[in-house]
Amino acid sequence: MSGIGIVGGGILGLGLADRLVAAGHKVTVYESSAQLGGLAGSTELGGVRVDRFYHAVTTTDRRVLDLADELGVGVRWRRLGGGFYHDGRTAEMSTPMQLLTFPGLSPADRARLVRFVLRCRRISDHAELDTVGLEEWTRRTCGDRLWERLWGPLFDSKFDGRYDDLPATYLWSRMNRVSGTRDRKGHEVMGALEGGYQNLVDRLADRIRARGGQVLTATPVRFVPCANHRAIGVMLDAGFRPHDTVVVTQIRPNLPHMLAPELEHALGPDPQRYLGIVCLVARLRRSVSPYYALNITDRRVPLTSVVETTHVVDAKAAEGHLVYLPKYVNPDSPELDKSSAEIRSEYFRHLKAMFPAFREDDVIAAQVARARVAEPVHPVGAVKPDPFKVPGLVVASSAQVYPDIVHGQAILGVAERISAEIERHGCVPHRRLEAA
């Protein structure tokens, strides 16, 4: 056994494997779970397979859409409604013009908002924004009232109250992502993969196997040993397997004790911090929200959003209406340690506060998904992690998506970049080799 060993059978690991196998490399993917997909995978909810967390695609997600087309995965497109929950009421914000009706804004605020949106679209280089604080830049660009009424509460809900170290790039990147969901008339349009990302990754794994690669499930990598200052393979429950290059696709906090101490030391300190997530997903007999996504700027409701995915996902296939109630949290948040019963009771109470017509009698099935470390946060002035610092080892993860935000399109972009660099350097991509 040699070639390339990839630790992790999520979108990134399989995306890398697919490209490398197509280029003629010998590749083995190791996934610890019996199911592929990672956080993008599915779960069983009352006897029906649904996305564990919510996912959608936009019309500009070309990597995802092209891959889906190659693998025969259909996409269901729908024109959507989006909204805000602010000062105890909902307001539709499905078009740029409706955003100008955001509650409590003066005509001057609305004019500033228009200028800000147009300015974000004109910015193509984020380098300068990386060094400027998010709040400082937004207040200077939009004014204090827009920050206090709109942007500040949004980032408070998304980053669990901690946004003081964020660069301005975060808002610019999100504005660009939103622009990719609009049709020519300005209406929001989003799509859902038929069968979800689970269907996509399962078919991708089948293609990798058909091309001669190995995709092993229920096969956890226990340790990545080293010799002569380089990674040499992986240690499994069944024993050692040598590899010319080991690619680890987990983010750094999920790697304790997996890497040999010498390898861990060579990587150096992690420049990023991370967010966790707690998400209640429910199948309901009736729709509860008229919107696909409801942003929450009323901080009396301590959730990040309400996402009713069956405005895009086929409700017949889901055998009900799928509603996700996510809350992004810091990894030390006590929210992560609450029982599922506590989460269910509290989150449904918040849903009832926003939508009084909601009744728990309408819940067919519900469950809580959580991850203590789910999404990287890139602070002001931080240097994006170098995947190729250690001989024989590539550490490629969602930490490399910045300045983008984490979604399938961005993750496949990382796979594209990493595989291209491995191709340029052979099986041992390493920065020091360039200087040798």
*Asks:* Shortest non-hydrogen contact from Pro403 to Trp172?
*Replies:* CB-CZ3, 4.2 Å
*Asks:* Working to the nearest 0.5 Å, report the span between CD1 of Ile411 and CG of Leu39.
*Replies:* 9.5 Å
*Asks:* Are Pro376 and Val406 packed together at the side-chain level, in the sense that at least one heavy-atom pair is separated by less than 4.5 angstrom?
*Replies:* yes
*Asks:* Counting N and O atoms only, with roles assigned by atom type, does the side chain of Arg283 sit under 3.5 Å from a partner on the main chain of Leu45, one being a donor and the other an acceptor?
*Replies:* yes
*Asks:* Please table the atom pairs, donor to acceptor, closer than 3.5 Å between any side-chain atom in residues 317-327 and protein atoms at least two apart or in another chain.
*Replies:*
unit_1 : atom_1 : unit_2 : atom_2 : d
Tyr324 : OH     : Asp51  : O      : 2.6

*Asks:* Do side-chain atoms of Ser157 reach the backbone of Leu154 as a donor and acceptor pair under 3.5 angstrom?
*Replies:* yes
*Asks:* Do the ring planes of Phe159 and Phe155 sit parallel (below 30°), tilted (30 to 60°) or perpendicular (above 60°)?
*Replies:* parallel
*Asks:* Write down the atom of Pro379, the atom of Pro271, and the distance for their closest heavy-atom approach.
*Replies:* CD-O, 3.5 Å
*Asks:* Regarding Glu136 and Arg140, does a basic nitrogen lie under 4.0 Å from an acidic carboxylate oxygen?
*Replies:* yes
*Asks:* If I compare all heavy atoms of Ser33 with all of Thr217, which pair ends up nearest, and what's the gap?
*Replies:* O-CB, 3.5 Å
*Asks:* Within the distance-only criterion (no hydrogens, no angle test), does the side chain of His86 pair as donor or acceptor with the backbone N or O of Thr90 below 3.5 angstrom?
*Replies:* no
*Asks:* Would you name the heavy atoms of Tyr163 and Gly152 that are closest together and state the gap between them?
*Replies:* CE2-O, 4.1 Å
*Asks:* Mind checking whether Ile418 and Val394 have side chains closer than 4.5 Å, heavy atoms only?
*Replies:* yes
*Asks:* Please determine whether side chain to side chain contact (heavy atoms under 4.5 Å, CB included) holds for the pair Leu129 and Ile123, giving the CA-CA distance in whole Å, both sets of side-chain angles, and the decisive distance to 0.1 Å.
*Replies:* CA-CA 10 Å; Leu129 298 180; Ile123 296 174; 4.2 Å; yes
*Asks:* Determine whether a donor-acceptor pair (N or O, by modelled atom type, separation under 3.5 Å) exists between the side chain of Gln409 and the backbone of Arg62.
*Replies:* yes
*Asks:* Do side-chain atoms of Arg76 reach the backbone of Gly191 as a donor and acceptor pair under 3.5 angstrom?
*Replies:* no
*Asks:* Between Arg424 and Ser419 (side chain of the first, backbone of the second, donor and acceptor by atom type, cut-off under 3.5 Å), is there such a pair?
*Replies:* no
*Asks:* Is a donor on one side and an acceptor on the other found under 3.5 Å between the side chain of Glu335 and the backbone of Val329?
*Replies:* no
*Asks:* What I want to check is whether the side chains of Thr219 and Glu31 have a donor and an acceptor closer together than 3.5 Å.
*Replies:* no
*Asks:* For a 4.5 angstrom cut-off between non-hydrogen side-chain atoms, does Leu146 reach Arg112?
*Replies:* yes
*Asks:* Show the nearest heavy-atom pair for residues Ala260 and Phe223, with the distance to one decimal.
*Replies:* CA-CZ, 3.5 Å
*Asks:* Do Met354 and Leu294 make a side-chain contact, defined as non-hydrogen atoms from C-beta onward lying under 4.5 Å apart?
*Replies:* yes
*Asks:* Decide yes or no on ring-ring contact (aromatic ring centres under 6.0 Å, His included) for Tyr30 and His243, but give the supporting numbers first.
*Replies:* CA-CA 12 Å; Tyr30 301 97; His243 287 290; 5.7 Å; yes
*Asks:* Measuring from Leu267:CG to Glu264:CD, what's the distance to the nearest 0.5 Å?
*Replies:* 5.5 Å
*Asks:* Are there over 12 heavy-atom neighbours, none belonging to Glu262, within less than 6.0 Å of that residue's CD?
*Replies:* yes
*Asks:* Should Tyr328 and Ser305 count as side-chain neighbours, where that means a heavy-atom distance under 4.5 Å?
*Replies:* no
*Asks:* Looking at side-chain heavy atoms only, is the closest gap between Glu308 and Tyr292 below 4.5 Å?
*Replies:* no
*Asks:* Say you draw a straight line from NE2 of His265 to CG of Leu259; how long is it, rounded to the nearest 0.5 Å?
*Replies:* 13.5 Å
*Asks:* Between Arg370 and Ile277, is a side chain to side chain contact (heavy atoms under 4.5 Å, CB included) present by the stated rule, with each step listed?
*Replies:* CA-CA 5 Å; Arg370 65 187 90 201; Ile277 187 172; 6.0 Å; no
*Asks:* Taking the six-membered ring for Trp, are the ring centroids of Trp151 and Tyr170 within less than 6.0 Å of each other?
*Replies:* no
*Asks:* Between Glu375 and Lys158, does a salt bridge (Lys or Arg N to Asp or Glu O under 4.0 Å) hold up when you go through it step by step?
*Replies:* CA-CA 11 Å; Glu375 184 169 328; Lys158 168 62 180 176; 3.3 Å; yes
*Asks:* Do the two ring centres, one from His407 and one from Tyr197, sit under 6.0 Å apart?
*Replies:* no
*Asks:* Just by distance, do the side chain of His55 and the backbone of Phe53 share a donor-acceptor pair under 3.5 Å?
*Replies:* yes
*Asks:* How many angstroms lie between CG in Leu336 and CG in Asn330, if you round to the nearest 0.5 Å?
*Replies:* 9.5 Å
*Asks:* Do Arg19 and Glu416 pass the side chain to side chain contact (heavy atoms under 4.5 Å, CB included) test, and can you show the C-alpha distance, the side-chain angles, and the key distance before you say yes or no?
*Replies:* CA-CA 8 Å; Arg19 287 177 170 274; Glu416 185 178 283; 3.2 Å; yes
*Asks:* Under 4.0 Å between a Lys/Arg side-chain N and an Asp/Glu carboxylate O for Arg89 and Asp298?
*Replies:* no
*Asks:* Any side-chain donor paired with an acceptor under 3.5 Å for Gln35 and Gln198?
*Replies:* yes
*Asks:* Less than 4.0 angstrom from a charged side-chain N to a carboxylate O is my criterion; do Arg162 and Asp165 meet it?
*Replies:* yes
*Asks:* Taking all heavy atoms of Ala415 and all of Leu12, pick out the closest pair and write down the distance.
*Replies:* N-CD1, 3.6 Å
*Asks:* Is the closest basic N to carboxylate O distance between Glu346 and Lys338 below 4.0 Å?
*Replies:* yes
*Asks:* Please assess Arg139 against Asp144 for the test salt bridge (Lys or Arg N to Asp or Glu O under 4.0 Å), listing each intermediate value before the final yes or no.
*Replies:* CA-CA 5 Å; Arg139 283 185 181 273; Asp144 291 338; 3.1 Å; yes
*Asks:* Check Arg299, Arg149, Arg300 against Asp87 for a salt bridge (charged side-chain N to carboxylate O under 4.0 Å, His left out) and give me the one that passes.
*Replies:* Arg149
*Asks:* Could you tell me whether Asp337 and Arg372 make a salt bridge, using a distance below 4.0 angstrom between a side-chain N and a carboxylate O?
*Replies:* yes
*Asks:* Is it the case that the side chain of Asn199 and the backbone of Glu194 share a donor-acceptor pair, with hydrogens and angles ignored and the cut-off at 3.5 Å?
*Replies:* yes
*Asks:* Would you call Ser397 and Thr249 a side-chain contact if the rule is heavy atoms closer than 4.5 Å?
*Replies:* no
*Asks:* For the CD1 atom of Ile11 and the CG atom of Leu200, what is their distance to the nearest 0.5 Å?
*Replies:* 7.0 Å
*Asks:* Hey, is Glu148 close enough to Arg145 for a salt bridge, meaning N to O under 4.0 Å?
*Replies:* no
*Asks:* Can you see whether Asp61 engages Thr58 through a side-chain donor-acceptor pair at a distance of less than 3.5 angstrom?
*Replies:* yes
*Asks:* Using side-chain heavy atoms (C-beta onward) and a distance below 4.5 Å, is Arg349 in contact with Lys352?
*Replies:* no
*Asks:* Could you go step by step and tell me if Met190 and Trp77 meet the side chain to side chain contact (heavy atoms under 4.5 Å, CB included) rule?
*Replies:* CA-CA 6 Å; Met190 298 188 80; Trp77 294 102; 5.5 Å; no
*Asks:* Would you say Asp130's side chain and Gly381's backbone share a donor-acceptor pair under 3.5 angstrom?
*Replies:* no
*Asks:* Salt bridge check: are Arg286 and Asp362 linked by an N-O gap of less than 4.0 Å?
*Replies:* yes
*Asks:* How long is the span from the CG atom in Leu280 to the CG atom in Leu351, to the nearest 0.5 Å?
*Replies:* 8.5 Å
*Asks:* Please determine whether a side-chain nitrogen of the Lys or Arg among Lys389 and Asp386 lies less than 4.0 Å from a carboxylate oxygen of the Asp or Glu.
*Replies:* no
*Asks:* List in chain and number order the residues that pass ring-ring contact (aromatic ring centres under 6.0 Å, His included) with Phe358, two or more places apart in sequence or in another chain; answer none if no residue qualifies.
*Replies:* Phe348
